[in-house]
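Remember, predicted model here, so these are calculated numbers, not experimental data. Chain A is the first sequence line, chain B the second, and so forth, proteins listed ahead of strands; every chain is numbered from 1. Keep in mind that the numbers below use all heavy atoms, side chains included, and drop hydrogens, waters and symmetry copies.
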Protein chains: 2
Amino acid sequence: MSRTSPAEPAPARGEVARRRSGRPGHDADSVLRVAARVFNERGYDGTSMEDLARALGVTKSAIYHHVSGKTELLRRSLDLALDALFAVTREEASTTGPAIDRLENVLHGSVRVLVEQLPHVTLLLRVRGNTEVEKHALTRRREFDHLVADLVREGIAAGEIRDDVDPAVASRLLFGMVNSIVEWYKPDRGLDADELADSLSRIAFRGLRADGSA
Amino acid sequence: MSRTSPAEPAPARGEVARRRSGRPGHDADSVLRVAARVFNERGYDGTSMEDLARALGVTKSAIYHHVSGKTELLRRSLDLALDALFAVTREEASTTGPAIDRLENVLHGSVRVLVEQLPHVTLLLRVRGNTEVEKHALTRRREFDHLVADLVREGIAAGEIRDDVDPAVASRLLFGMVNSIVEWYKPDRGLDADELADSLSRIAFRGLRADGSA
DNA sequence: GGTTACCTACCGACCGTTCGTTAGGCGATC
DNA sequence: GATCGCCTAACGAACGGTCGGTAGGTAACC
């Protein structure tokens, strides 16, 4: 395949120092990390194993030493994202207190997860359900969405949230806003997850208009 | 290819009665309409010409009688969506009056376009820039986004929009909310474009919280 | 009311290429 | 020398696209 500009030649970068025995190079995790990035750049279906190999700085066949195939890379990435999102819904602040505060915590936590696991969540939000792996991820994602819709409904019932919008529509627009973050957020630009989540909360709960300030 | 459950067998449906001479069947427009739908269901890259042919109830080669190839179908769909969106920005209500009102008109009009041209706009929002056609569409879309960001900036400068959020972030979140509509909106369910646009405006400008009512 | 001309819609077979995946062996590091 | 990472070479299947030929339909002419 002719060694050409590896793009991500050696791993041994980021996170832990990772000391393994044997020949240095990629491992399953570093392959997954790069794969998720490339899947997002070109789309999952639009990414060939050859594309992936080029980004890793190895040949196609080397990838199969680390993972069983393209599908496994997708599944592991999607599971990672979903696990992190569901963890937010199990936090104490997401299960106790007024509905609107629980909703805000889920919102805030989702933004945090989205930023921390950006490539994986991005991939999750683009899944179309073509294969079994994708269908399974969509099912889990739908569960999450229902959880949020229920919070909005509770908030309306408690008089905390305006009742002149449909709860299903409101929750969808709300999370549309959150999810759209993956389309433009760049980690290295001085905008951290908490600032972003705060801006989002302000707009979502109090609106853009200047007079309704706080 | 053995005639199996055409899914969209004869056209001659919807819109105008369409009287053409010659053999009845599909034409370039009906092919485009079906293609856009299938592209959204399976993703552009995930859709083979064979998939398309099956959905049309014809063989692969018949498609090439109507269009030059898969790429042309994509280009025509994306252009359709972009043309409609830019038309909104040229409306009088988008160019005169207070910035916040112009912004609301663009918002409202975008929701309308999004609903009227759902499959084409959906496709546009999922483009990743893999090919030249996609890159060109992304460029045009970026122009549109800048236009909106400028409106938000103007609104802040005029004191009409809260100044405690970054204008770039605000406009992105705003249109993230709008664009997310393509992920769940179903035309045949009693929610029309204007109702939806109104709900969105309420949330966007006055917020979800009950007290800031209007 | 046949015949002819012409258009459009379509089929089946096939092309070259790229896809995801596999087999078996070599070299680096501890 | 055990472990691990990666290579070359190749596979069958699926891809987008091409080709020559065929069938359905309208309309003008006799």
(Q) Less than 3.5 Å apart, any donor N or O on the side chain of B:His108 or B:Asp194 sitting next to an acceptor on the other? (A) yes
Could you pull out the protein-nucleic contacts involving nucleotides 18-20 of chain C (nitrogen or oxygen on both sides, under 3.5 Å)?
residue : atom : partner : partner atom : Å
C:dG20  : OP1  : A:Thr47 : O            : 3.3
C:dG20  : OP1  : A:Lys70 : NZ           : 2.9
C:dG20  : OP2  : A:Met49 : N            : 2.7
C:dG20  : N7   : A:Lys60 : NZ           : 3.1
C:dG20  : O6   : A:Lys60 : NZ           : 3.4

By side-chain contact (heavy atoms from CB on, under 4.5 Å), A:Asn40 pairs with (sequence neighbours left out) A:Pro119, A:Thr122, A:Leu123, A:Arg126
From CG of B:Asp29 across to C1' of C:dA9 the rounded distance in Å is 15 Å
B:Arg54 atom CZ is separated from D:dG16 atom C1', nearest whole Å, by 15 Å
With the side chain defined as heavy atoms from C-beta on, B:Thr59 is closest, among C:dC11, D:dC6, D:dA9, to C:dC11
Rounded to whole Å, NE2 of B:His26 lies from P of C:dC7 at a distance of 23 Å
Rounded to whole Å, CG of A:Asp27 lies from C1' of D:dC4 at a distance of 11 Å
Original post:
Can you check whether A:His65 has a side-chain N or O nearer than 4.0 Å to OP1 or OP2 of D:dC6?
Top reply: no
A:Ser61 has its side chain closest, among D:dG5, D:dG17, C:dT22, to C:dT22
Under 4.0 Å between a side-chain N/O of A:His66 and OP1 or OP2 of D:dC6, yes or no? yes
Residue pairs meeting ring pair (Phe, Tyr, Trp, His ring centres under 6.0 Å), one or both in residues 34-66 of chain B, sequence neighbours left out, come to B:Phe39-B:Tyr44
Across all chains, not counting sequence neighbours, the side-chain contact (heavy atoms from CB on, under 4.5 Å) partners of B:Val127 are B:Leu78, B:Glu134, B:Leu138
With sequence neighbours left out, the residues meeting side-chain contact (heavy atoms from CB on, under 4.5 Å) with B:Asp29 are B:Asp27, B:Arg76
Across all chains, not counting sequence neighbours, the side-chain contact (heavy atoms from CB on, under 4.5 Å) partners of B:Glu104 are A:Arg209, B:Ser201, B:Phe205
